[in-house]
Amino acid sequence: MSEALLERAIGAVVEAAYSGAIGDGKIFVLPVEEVVRIRTGETGDAAI
């Protein structure tokens, strides 16, 4: 996902998942080194 959408995506997940109870979950944001679409061989943003 692009950096531009990150905060909106996190907010949407938090809003949808929040119950205030134990077990609501966690969100992990990790860097992705590379993306490859196997079918076409596209890489980077084009593969997303």
Side-chain angles (χ1 to χ4, degrees):
M1 147 173 318
S2 69
E3 287 282 331
L5 294 177
L6 180 60
E7 292 303 318
R8 286 181 51 198
I10 291 172
V13 172
V14 169
E15 185 177 327
Y18 179 80
S19 72
I22 293 174
D24 279 354
K26 295 175 176 72
I27 297 172
F28 294 88
V29 178
L30 304 169
V32 175
E33 298 295 323
E34 182 62 83
V35 178
V36 178
R37 182 175 298 184
I38 295 171
R39 180 176 52 83
T40 63
E42 293 170 301
T43 61
D45 287 344
I48 298 173

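Quick note: numbers below take in every heavy atom, side chains included, and nothing from hydrogens, waters or symmetry partners.
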May I have the list of side-chain donor-acceptor pairs in residues 8-17 shorter than 3.5 Å, sequence neighbours left out?
none

Determine all donor-acceptor pairs shorter than 3.5 Å in which one atom belongs to a side chain in residues 18-26; sequence neighbours excluded.
residue : atom : partner : partner atom : Å
Ser19   : OG   : Ala21   : N            : 3.2
Ser19   : OG   : Asp24   : OD1          : 2.4
Asp24   : OD1  : Ser19   : N            : 3.2
Asp24   : OD2  : Ser19   : N            : 2.9
Asp24   : OD2  : Gly20   : N            : 2.8

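Taking the side-chain contact (heavy atoms from CB on, under 4.5 Å) definition, one finds that Glu34 meets it with Val36, Thr43, sequence neighbours left out. Every residue two or more places apart in sequence or in another chain was checked for a side chain to side chain donor-acceptor pair (under 3.5 Å) with Asp45, and none qualifies.
Heavy atoms of other residues, nucleotides or ligands lying less than 6.0 angstrom from CD1 of Ile38 number 12 at most.
Ile48 shares a hydrophobic cluster with Val32, Val35; the chain of contacts runs through ILVMFWY side chains whose heavy atoms sit under 4.5 Å apart.
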